[in-house]
Structures are given as structure tokens and as C-alpha cells.
Amino acid sequence: MQRRPLPTTYRIKSFGCQMNVYDGERMGELLASQGLTPAAEGEDAELVVLNTCHIRERAAEKVYSDIGRLLKTDGPAPMIAVAGCVAQAEGEEIMARAPGVGIVVGPQAYHRLPDLIAQATQGVRATDTDMPADAKFAALPRRRRSAPSAFLTVQEGCDKFCTYCVVPYTRGAEISRPFADLLAEAQLLVEAGAREITLLGQNVNAWSGADKAGRVLGLDGLIRHLARVDGLERIRYTTSHPNDVTDGLIAAHADVPKLMPYLHLPVQSGSDRVLRAMNRSHTAEAYLRLLERFRAARPDIALSGDFIVGFPGETEAEFVETLQLVETAGYAHAFSFKYSPRPGTPAATMDAQVAPEMMDERLQRLQATIARGQLAFNQATVGRRCAVLVERRGKLPGQWLGKSPWLQSVWFDADATIGDLVMVDLAQAGPNSLEGRVLETLAA
Ligand code: SAH
Ligand code: SF4
Ligand code: F3S
């Protein structure tokens, strides 16, 4: 590697989950605090951060094709930093395979980017994949700007070790950020323009902390405190794990009006044998009972889940149990994936890996079932009156797009602006969005 001047412009590309989006925003703020500016649309950046995801094979492979593309330039090659979960899992391999990469930085170490950039300018390729619990947040600059809908990471890491999953290895053990820090960051986000905050964690409902008086709080306690922040209108959280659901969290859906009626609670499979092999430690029945309890607390709650098809050994009958669970649950929305063997996970070396064609076929059937449920949910909301948080302009002049309380995309014509909460009647439903008719705008 050659010495090079300090980069003055940057671009960050985030892949994967919302936690990576949050990390990408924080890295941007950090670089800006060092005097770098974001590269303009269409212009090359002097520093490119690839904030990567390792959850499935295809996501991980993207890194190498992106690096190749960045280096195939007529002008000077950018400084390339690989961040995120692929950096954590395959840092050494990236350094060996991609000599054009100057920096590898893991998800718990990105507060050290300025040092790593300084090293790279000296011609030293720099790697930092340390996992100090919680150190990075204290080292990051204060938050100053926010979209109306903001993310706030409250919990990181995972101790569950589902047999297919890389997250416990890439993000480390479960940690909860301190209550006081979260309250302060939420306050800053609201001052910076946020009206909705989505609390994030790989197992967000495993969050625990203590208030000023030393009382122990769970996620529901955090939500109740955040609900008192003036100017914060909506609270959401994702992703939850069935084993960490508490009575308090369910109750919060009944009695915290700012907590939106939406729950993303992955189950992965409808077969108890597959769930055991996945190390999920809940049965399909126990999961469905949980959903019922959330519904009892908040009857209109929109439910969402994650599914994996083709886990090693999954039979047709076991897959049909998944389809049945989807029908019974009545999801508003769900994510579904083909099983992807991840290096180092127990499932990758299990017998009876399912053939790719069979996975394709099952995924199609599952997605058709999920899509039917999604359309039915959207249709059932037609006629409801609700507030929509305006997030961006639509395609046509005068058209705006935002989210309903149930996280549906709603478009409507009105004199509005980004950040408004607009009262609409939901008038027409499609599979992926609804049309709203505007009643009034609640002042921003
Ligand atoms: N912590 C969250 C999810 C994190 S990963 C939870 O447990 O619910 C997001 C989703 O990716 C998972 O819910 C799972 O459905 C999917 N996923 C994880 N590892 C996978 C793999 N090896 N192959 C296919 N899908 C996977
Ligand atoms: Fe992965 Fe399971 Fe942890 Fe979710 S709970 S992050 S699927 S190991
Ligand atoms: Fe991907 Fe890491 Fe998130 S593997 S899904 S970016 S925790």
C-alpha cells in the first residue's frame, strides 16, 4: 500500500439489517466530525465504506464484487474500508483476497475509523475487529440531524446460537446500552427532527437496564420512559425473540398509546422437530400462544415474522406445518429466506442438506401464502382512519408517502411536508401499499 492524502469525501453503503443502517449513519456522523463531506450523487468518493452483511451467502459475496467494481476506475482508486459483519467474520480473508482494501473494521470497533484512516494514509493496512462491550457509543459524536423516522440501537449481539446463524459470531454477546444514554440519545434525535423512533437490537426485547433510582427495567420500561419524551410521537422496536417476551412488554401494547401496533417476532419454522434442530427453544404452539396474547392486549396489532425454508432435513410434511402456521398466525407481513449454510455454524455440516430446487419451490409456495395474508390484512384496514407519518415525496406532483401505525406504506395527495403526521382514511389496498384520503394535517 502506498501513502496517500487524507480523504476529503466519503460514501457509505450499508447492507443487511436495520442495525447496519444505524451503524452507517453513526459512521457518517463520525466522518463528518472529522471534516469529511459526503460525496455528491454521481461523484466518486475518496473513501468508500462498505458496511457489510454476513447473514446469507449472497449477501457476503456482494462485498468482493463491490470491491472489484470500485477498483475498476479510470481515476485514482478510493480508499476502501470494509465494515460490518463480513469484516468481523472474514477480516483476514478480505485482507488476503483484496489487496485494494485499506481498512477492515468490525461492527463494535467503528468508532476507531479516524485512527484507521490515518494509518491507511501512511500506507499501513489496518484491521480492528475487537469487541469491547459498549465502548463505541461513548466515543461517537453527538447526534445532530435526523429523518422523521429514526433508528436507535439499544441492544446488540446475541447469546441464542440458533444453529444456522452467524450473528452471535459477528456481533458478539448480548449487551444492553445504559438507560441514561438511550434517553439522552432519543432526546437528541427528537430535537434533531425525529418524530418516530424504532428501537433496534438483534434481540431487542432482551434489553435490560436500570433507571436513576436503580430500579431494574426491561424493554417495556424503556418504552414507557421514552413515551414521556415530548415531541416523540411514535415508538417501535425490532427484532424480538419469543423467549424474551415478558408480560410487561405485552401490557405496554395495551396501555402505551405511542407504542405502535406492530410486532416483528420471528419463528423460522412451523415444525417442532425443525425448531429443535435450529436450537430455537420454543415450539410452534408456544409461539402462536404468544401472538394471541399480543392480540388480546392490542386487537389491531400487525404481526410479522421471519421464516427459513429448506433447513437441513426439512421434509415436505414439516414444510407444510410452516405453511399452516403462517395461515394460523394471520401475518400482516413476513420475511422468508432460503436456508444458506454459513461457515462455522453447526447447521452447515448437518446431514440431509435440502436440494436448491426444492428450496426454490418451497420458498415460492411460502411467499404466495404470505402475500395472500398481507393483501388480506391490508384490505381489512380499508375504512380505518389513522395518522400517517410522511417520509418522502411520491412519484407524481403533490403525492406523498408515509407509514400507517401498522407500518403499511400509504400514499396520498395533499399539501404536506416530510415529518407531518397526516390524518387519512385508508381508501384502497394493494399487496404492498394503500391509498389514503386526507382529512387534516396535525401540526409538525
Ligand atoms: N435476531 C433475529 C434475526 C436476525 S437475522 C431473530 O432471531 O429473530 C434475520 C433473519 O435472517 C432471521 O430471522 C432468519 O430468518 C434469517 N437467517 C439467519 N440466518 C440464516 C441463514 N443461515 N440462512 C437463511 N436465513 C437466515
Ligand atoms: Fe441469529 Fe437466532 Fe440470535 Fe436471531 S436469535 S440473531 S436468528 S442466533
Ligand atoms: Fe447482516 Fe450482521 Fe445484520 S450479518 S443481518 S448486518 S447483524
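Side chains are part of it too, since the values below use all heavy atoms of this structure and drop only hydrogens, waters and symmetry mates. As the structure lists them, so they are numbered: ligands from 1, and atoms in each ligand from 1.
Ligand 3 is approached by R171 to a heavy-atom distance shorter than 4.0 Å. Using a 4.0 Å heavy-atom cutoff, K338 is listed among the residues neighbouring ligand 1. Put simply, no part of M19 is less than 4.0 Å from ligand 1, judged by heavy atoms. Not a single heavy atom of Q202 sits closer than 4.0 Å to an atom of ligand 2.
Checked against a 6.0 Å centroid threshold, the rings of Y237 and H253 count as neighbours. Centroid-to-centroid, the aromatic rings of Y169 and H54 stay 6.0 Å apart or farther. In summary, the aromatic rings of F311 and F319 are positioned with their centroids too far apart to meet the 6.0 Å limit. For Y262 and H333, the distance between ring centers is not under 6.0 angstrom.
Near T239, meaning under 4.0 Å from one of its heavy atoms, ligand 1 places the atoms 2 (C), 8 (O). Near C85, the atoms of ligand 3 lying under 4.0 angstrom from a non-hydrogen atom of the residue are 2 (Fe), 4 (S), 6 (S), 7 (S). Each of the following atoms of ligand 2 lies closer than 4.0 Å to a heavy atom of V167: 6 (S). For ligand 1 and Q268, the ligand atoms under 4.0 Å from any heavy atom of the residue are 12 (C), 13 (O), 14 (C), 15 (O). Within the listing of ligand 2, atoms 8 (S) sit less than 4.0 angstrom from a heavy atom of F161. Per-residue contacts place K160 under 4.0 angstrom from the following atoms of ligand 2 (heavy atoms of the residue considered): 3 (Fe), 5 (S). Those atoms of ligand 2 with a heavy atom of P168 less than 4.0 angstrom away are 8 (S).
Atoms CD and CZ, on E185 and R143 in that order, are 5.0 Å from each other to the nearest 0.5 Å. With rounding to the nearest 0.5 angstrom, the CE atom of M359 is 14.0 Å from the CD atom of Q364. From E90, atom CD reaches atom OG1 of T170 across 11.0 Å, with rounding to the nearest 0.5 Å.
Residue, atom and distance of the protein heavy atom nearest to atom 19 (N) of ligand 1 are Y164 CD1, 3.3 Å. When hydrogens are left out, the protein atom nearest atom 1 (Fe) of ligand 3 is C53 SG, 2.3 Å; that is the closest non-hydrogen contact. If you check which protein heavy atom lies closest to atom 1 (Fe) of ligand 2, you get C165 SG, 2.3 Å. Ranking protein heavy atoms by distance to atom 16 (C) of ligand 1, first place goes to R56 NH1, 3.3 Å. In terms of protein heavy-atom proximity, atom 13 (O) of ligand 1 is nearest to D306 OD2, 2.6 Å. Looking from atom 8 (O) of ligand 1 to the surrounding protein, the closest heavy atom is P266 CG, 2.9 Å. Among all non-hydrogen protein atoms, the one lying nearest atom 7 (S) of ligand 2 is Y164 OH, 3.3 Å. Looking only at heavy atoms of the protein, atom 6 (S) of ligand 3 is closest to N20 ND2, 3.3 Å. Here the protein heavy atom with the shortest distance to atom 7 (S) of ligand 3 is Q202 NE2, 3.2 Å. Of the protein's non-hydrogen atoms, the one nearest atom 3 (Fe) of ligand 2 is C158 SG, 2.2 Å. Protein heavy atom at the shortest distance from atom 4 (Fe) of ligand 2 is R280 NH1, 4.4 Å. Nearest to atom 3 (Fe) of ligand 3 among the protein's heavy atoms is C17 SG, 2.3 Å. Looking only at heavy atoms of the protein, atom 4 (S) of ligand 3 is closest to H54 N, 3.2 Å.
The pair R298-D300 meets the salt-bridge criterion, with a side-chain N (NZ, NE, NH1 or NH2) lying under 4.0 Å from an Asp/Glu carboxylate O. We find that R280 and D272 are not joined by a salt bridge, their nearest charged nitrogen and carboxylate oxygen being 4.0 Å or further apart. Ionic pairing of R293 and D247 is present here: one or more N-O contacts between side-chain nitrogen and carboxylate oxygen are shorter than 4.0 angstrom. Using a 4.0 Å cut-off between a side-chain N of Lys or Arg and a carboxylate O of Asp or Glu, D255 and R224 qualify as a salt bridge. In this structure, E191 does not pair ionically with R145, as no charged nitrogen and carboxylate oxygen lie closer than 4.0 Å. A salt bridge is absent between D181 and R177; no separation between the charged side-chain nitrogens and carboxylate oxygens falls under 4.0 Å.
For the residues H241, H54, Q202, the heavy atom positioned nearest atom 1 (N) of ligand 1 is part of Q202.
When distances to atom 2 (Fe) of ligand 2 are checked against a cut-off of 2.8 Å, C162 contributes an N, O or S atom below that limit.
When heavy-atom distances to ligand 1 are checked against a 4.0 Å cut-off, F337 comes that close only through its side chain, counted from C-beta outward. Looking at P266 against ligand 2, nothing comes within 4.0 Å, counting heavy atoms. Contacts with ligand 1 closer than 4.0 Å are made by side-chain heavy atoms of R280 only, the backbone lying farther away. Neither the backbone nor the side chain of M19 comes within contact range of ligand 3; no heavy atom lies under 4.0 Å.
At least one N or O atom of S340 sits closer than 3.5 Å to an N or O atom of ligand 1. Residue contacts with ligand 1: Y339 is placed with no nitrogen or oxygen under 3.5 Å of a nitrogen or oxygen of the ligand (distance criterion only). Taking any N or O of R342, backbone or side chain, none lies under 3.5 Å from an N or O belonging to ligand 1.
Counted by atom type alone, Q155 and S176 present zero donor-acceptor pairs between their side chains at under 3.5 Å. With 3.5 Å as the limit, one finds no donor-acceptor pair spanning the side chains of D23 and S14. Checked by atom type, the side-chain pair K136/Q108 shows a donor-acceptor distance below 3.5 Å. N432 and Q374 form a side-chain donor-acceptor contact under 3.5 Å, judged by distance and modelled atom types alone.
For atom 4 (C) of ligand 1, no protein non-hydrogen atom is found at a distance below 4.0 Å.
The neighbour count for M95 CE, taken as heavy atoms of other residues, nucleotides or ligands under 6.0 Å away, is above 12.
The side-chain tip of R26 does not point at the ring of Y110 from less than 6.0 angstrom away and within 45° of straight on.
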